[in-house]
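Given the structure is predicted, the values throughout are model-derived calculations rather than measurements. Each chain gets a letter, A, B and so on, in the order its sequence line appears, and its residues count up from 1. Keep in mind that the numbers below use all heavy atoms, side chains included, and drop hydrogens, waters and symmetry copies.
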Amino acid sequence: MIQLPCPWCGPRNVSEFRHVGEAVPRPEPAVATPEQWRSYLYLRRNTRGWTEETWYHSAGCRRYFRLSRDTVSNQTRAAGGAPR
Amino acid sequence: MTDQSVRPVPAPGASPVPNSKTGHRLPVQPGEVLDRSRLLRFRWNGREHTGHPGDTIVSALAADGVRVFSRSFKYHRPRGVLTASYHDPGTTLQVDDEPNVRAGHRLLADGMVVSSQNTWPSLRFDVKSVNQLAGRFLSAGFYYKTFMSPSWLWPTYEHVLARFAHGGQVGPAGAGHDYRDYFDKRYAHPDVLVAGGGPAGMAAAVAAAAAGARVLLVDEDHQLGGHLRWGDAAELAALAQLRAEVAAGAADGRIEVLTDAAVLGRYDENWLAVVQRGVPGVRGLPGVPERLVKARAGVLLVAPGLIERPYVFAGNDVPGVLLSTAVRRLVNLWAVRPGERAVVFTANSAGDAAAADLRRVGVEVAEVVDARRGQDVVRVHGHSSVRAVELADGRRIEADLLVTATGWTAPTALLNMAGDRPVYSPRAARFLPGGGYGADVMVAGGLAGDGSRDELVGHARAVGAEAARRALRHRAARLALLPTRAEPPTRVEPPARAEPPTGTDQTPPTESIPELPELPELADLPELPELPVGEHPALFRGRTHGMVDFSEDVSSKDIHAAAREGYDSVELVKRYTTATMGPAQGKLETVNTVAVLAEATGRTIAETGTTTWRPMHVPVTLGALAGRIFEPVRHSPMQPWHASHGAHPLVAGQWIRPEHYGDPVSEVRAVRERVGIIDVTPIGKLDLRGPDVPALLNLLYVNKWSKLGIGRVRYGVMCAEDGVVFDDGVTGRLGQDHYLMSTTSSGAGAVWEWVENWLQTERPPAGLTRWRVHVTPVTTAYASINVAGPRSRELLGRLTDVDLSPEAFEYMNVRTGRVAGVDDCVLWRIGFTGELSYELHVPAGHGPHVWEALLEHGADLGVAPFGVEAQRILRLEKGHLIVGQDTDGLTGAYSAGLDWAVKLDKPDFVGRPELAWQHERDRRTPSGPRLVGLAPVDPAVVPEEASQIVADGNRIIGRITSSRMSPTLGRAVCLAQLDVSLAAPGTEVTVRLRAGGDTRARVTEHLAAVDPDGERQRVVSAGPVGPCREFSPPAPVSPVRLAGVARGAGRVGLTSGRASPAGARGDVGQVRLTDESALAKALVRAAVDGPVSTALGTRFGRAARDADGALVVGSAPGEWLVLSAGSGSAGTDSAATEKLLARLVGLEDLVSVVDATHGRALLRLTGPRAADLLAKVCAIDLADDATPDGAALCTSTAKLVTGLVRDDMDGTPSYLVHCERSSGQYLCDALLDAGAEFGINTAG
């Protein structure tokens, strides 16, 4: 069972977290076309390698946070940018 | 009938040997493990036998001359002892009603009833041995080629083949054995876990402990020592020395030793599963067969030694052919003479030593066949026992025992699970670790190389010290990241950012996430001494064909045949022949399989390679993996009343709710005609505070919220980003910046996470830099009671002085006030059942009092409790939809008939884009399903829910989502999703009934069948009610009952009805559990590090007492739980909150103080073993350096989200454990269950 580095609580077993998903920017609802909106709803890059994703510490501090994770080795490091 | 499994073999010219029944126990041996002062009696296949404490079942039977223990899997050949260890393939027996017992390892106990498995009519004369005659047709893979046609014979084939299935017997539960045994579980956090307790393992453990590491030493056998235990005098002396060193480490608490335990597997980041089979220290809990230890180790040190390999030749599975280690174990550990006249085939020093041991105890060694001088064994003669051994030079030696010592196999499985691939060494004739594991795995002992005992022990000490160094460095780096220590946690430097963040006031650390220290490359680490690798002759198969996999009855001939058939890769051969797929999982078979395949395909062993090892490394029962079955259960405070008044329980998610009290129809009538009360505590409730709440509600709901006045309530619908209905509920405004949102019961958790997601990660609305909103779940802080019916107002008027006149308290309004003497209640005038109704939210501890007050004071009004089933009928009569029942994962707001709620003129709300597009499409061409009411044409028919609605025969155009017989109307009422083309009122459709056949139904004018204009709930004028009666202030009820809890039950949380052993006979007074739920608690919300944080004096992760003696806990970022000093009593709840609010408000622009006295259950565990108890239910490292006094954290305990605060009392370790109220009893049960082992007591 891998561990995730919660920014508040420190390293915890992954079973304490909920995987929210790949970090995808939310299009501006007023101007987005249906294709852009549905791409935001349903399409993900699903990279083999380093990916940016959001996790929620449901059994801990109850904070959402961003993480960079290598989907092959499950190494983790600080996310590259601001949340969404 | 005498057991004739041994035929005495006279040496040429010698007199007959003495009777087998008495002559096989040797005099006392220097290293034996027997207690000869006591005799144990047991039965074997119906006959009485005796043995001593320390015997295994096999050693006791072997001492009595038994040679044949089982029949093989396929051919039913007689089998005996081969390895005299856990993995012995021929000694799997049935013990009492436990099947598949490894009798070569299981210690003998008095009164055991042991029998052979799958033999009929007896072990000696087994009818199924006729299989051997059919051997030609039963070669590997025969089931892929036979028993296939004709297919109508399959039932017969099944019946026949089932009788040949191999295995023991399991009796039905209750037939003398209750299989709900207590399988225990705990967590561990060792710095170094040493797998293997032989000389290398012991030395490494001692060295690691001396270097300051916490060590867990695990060994499969019943004592530490490995091969030293059956060694010569020098080895026994070395064993005693090492054992003393380990015992010293254990006495200091630096080394924990688990014997009769095995490492099952290594998972990511050294997450290790260990099964402990003999559980000695669990007193007071009879029948703990196995315990699972889940360990997160800094370094895994693998020192399993080497496993001896059998030799492949004709007759190598005849009873009497033993490995040299088996002979040495039998002779030296259990003082058993394995035979009378032996031939020893040796290629190494272990074989030589076995020959020496045999001579020492008086066994005649007729011949030593030395492979190092080119000699060889060709075949063994005999069927159920060895009679003679044929050598390569043609000679035939009469003997009853053949000892082989032809080589060693390295058990690399744990390394393979760490990513290593083993490498074959032709010089050593075995596989060696390939070095492909990371720096957190290390190797010592025979697995790493060869050498003298001193060289191996010295190497192990060096490896152990280095393991400690790496583990401690890793630990220090982890500790620095924890917020629970006195020093604030360190943060990693964030990478440079392109744009400034637009996060909320609680952004931490996405920019400064602590990184787990990366493992260094092996090349960068200090050099460890290397062990030499000795030479060993390559001996796998002799000149004849014999058994390769004894458990699966796979011979070398089978492997050759498989290769000829084209299964020529090791992966294919394994699966086709099933070689290495038996109980030993390749420990005895893999190398021989690879070698035989190599010779069959003309390749080298290195070229052929091995298959992959996966967990589990050794067999483990499913019960151990299941462990304590933790299933959190949630109760409303009134549940005890429901249970004692005939409520039929309904399990709804984790909640137990009353479904009905015997007659739901009469309950419906009570509500329509008089007044009924229902416990709706599971309804989700969120407390929302702050100036931006209207903006938040506008964003999350599809309708408008900017102009909701104080005291008013509105129904809201939430959609997800794809326009699908997600949840619904009513939200009321209690004050200027104070709202209370209700959700569906099943959606409570999801909605809270949804709201937090938007607050924490989404851009706030235009014009604001951050959200100024605090959301606190109060679902269980309130007991909720819905009082419904024409007389509800009259009843409520007797309990409250809130003005209930229809002018003062209109429909869809909310008030606060006192009910039945209880302050701070919230009264809603809303409707779900369609009658005049009021929903009361009462501070939970007073729920039972108000419930009973309603029943008592409404008796003359005909009040009756009603349950979930009656409520379903009532709401269905009114056409009110239930999200998740009448909507599904594709139902958008328009499809659910919620057109009136969707306000597309709002600039932005969740789901707007999809809803706007659907609105456009519908204007042109309506499509998709709509929610409609349906009335079956035949009033007696009640279609089942999920019945399909069909057109043109079989085309599905909709389905029934809700359906009940309506007592009010005398006919069925239904809601259905139906294609819009047929959704016009009056349309007749065909419903396909589940039982078969069709029925017609008509779309109704309104969704509501009863009172579609809603007059009954909007009563606008009515006479005065009251007056409010006198009530003395009641005492609140705790969520926890400590007395009368079943301990040691198989299932925590749900009553198992199984009494625990009378009084746990454990260490009394090691832990005490007290209920502190009554303490006044307040939840403070403010900025993470603003003025309030400074005023409270505590940061996240820590807890400290303030000047008034209250315990201030930094329970979450920007959230503090303040526990008042004193015992806490009624009436102080809101007083303490008011005082705190007065102190803090004004320090910042947004501070909330929410009373949590009723909403949290709080328990305290005190005692020297408190941390050990928590380690059984909680995966957090509770060592003093990770979780010191004053630490506060939130984690999962017995699958329940709980807060944990370490608050030592006078130097004794003490922990506060708290959870949301409704699971308080479950938490208490789980802690008492875990504490039975420590003699937990609940004295006040």
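- Between the side chains of B:R478 and A:Q3, at least one donor-acceptor pair of N or O atoms lies under 3.5 Å.
- Here the side chains of B:F1100 and A:C9 are in contact, with some heavy-atom distance below 4.5 Å.
- Note that CE of A:M1 is 10.5 Å distant from OH of B:Y267, once rounded to the nearest 0.5 Å.
- In this structure, A:R63 CZ and B:Q760 CD are separated by 4.5 Å, a value rounded to the nearest 0.5 Å.
- Looking at B:I1180, only its side chain comes within 4.5 Å of chain A, counting heavy atoms on both sides.
- Heavy-atom distances place the backbone of A:T33, and not its side chain, under 4.5 Å from chain B.
- Residues B:R296 and A:I2 approach most closely at NH2-O, 4.0 Å, considering heavy atoms.
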TODO: Show the numbers, then the answer: is there a side-chain contact (heavy atoms from CB on, under 4.5 Å) between B:V1088 and A:W8?
DONE: CA-CA 11 Å; B:V1088 173; A:W8 291 107; 4.0 Å; yes
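- Note that the CG atom of B:L481 and the SG atom of A:C6 stand 11.0 Å from one another [nearest 0.5 Å].
- Shown here for B:A1116 and A:C61, the closest heavy-atom pair between the two residues is CB-O, 4.2 Å.
- The CH2 atom of B:W917 sits 5.5 Å away from atom CZ of A:R38, with the distance rounded to the nearest 0.5 Å.
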- [ ] Please step through side-chain contact (heavy atoms from CB on, under 4.5 Å) for the pair B:E721 and A:R26, ending with a clear verdict.
- [x] CA-CA 10 Å; B:E721 294 257 60; A:R26 182 174 190 254; 3.0 Å; yes
Task: Evaluation steps, side-chain contact (heavy atoms from CB on, under 4.5 Å), between B:D722 and A:Y42 - done: CA-CA 10 Å; B:D722 54 1; A:Y42 305 117; 3.6 Å; yes
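- For chain B, the option among A:N74, A:L41, A:V14 with the highest count of heavy-atom pairs below 4.5 Å is A:L41.
- For chain B, the option among A:A30, A:S15, A:G60 with the highest count of heavy-atom pairs below 4.5 Å is A:G60.
- Checking side-chain atoms of A:E16 against main-chain N and O of B:C1194 turns up no donor-acceptor pair under 3.5 Å.
- Heavy-atom minimum distance, B:P483 versus A:G10: CD-N, 4.5 Å.
- Every side chain to side chain donor-acceptor pair (under 3.5 Å) that A:R18 has, sequence neighbours left out, goes to A:Y64, B:E753.
- The shortest heavy-atom contact between A:P11 and B:L482 is CD-CD2, 4.3 Å.
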TODO: Applying side-chain contact (heavy atoms from CB on, under 4.5 Å), run through B:W271 and A:N13 and close with a yes or a no.
DONE: CA-CA 10 Å; B:W271 183 244; A:N13 287 343; 3.6 Å; yes
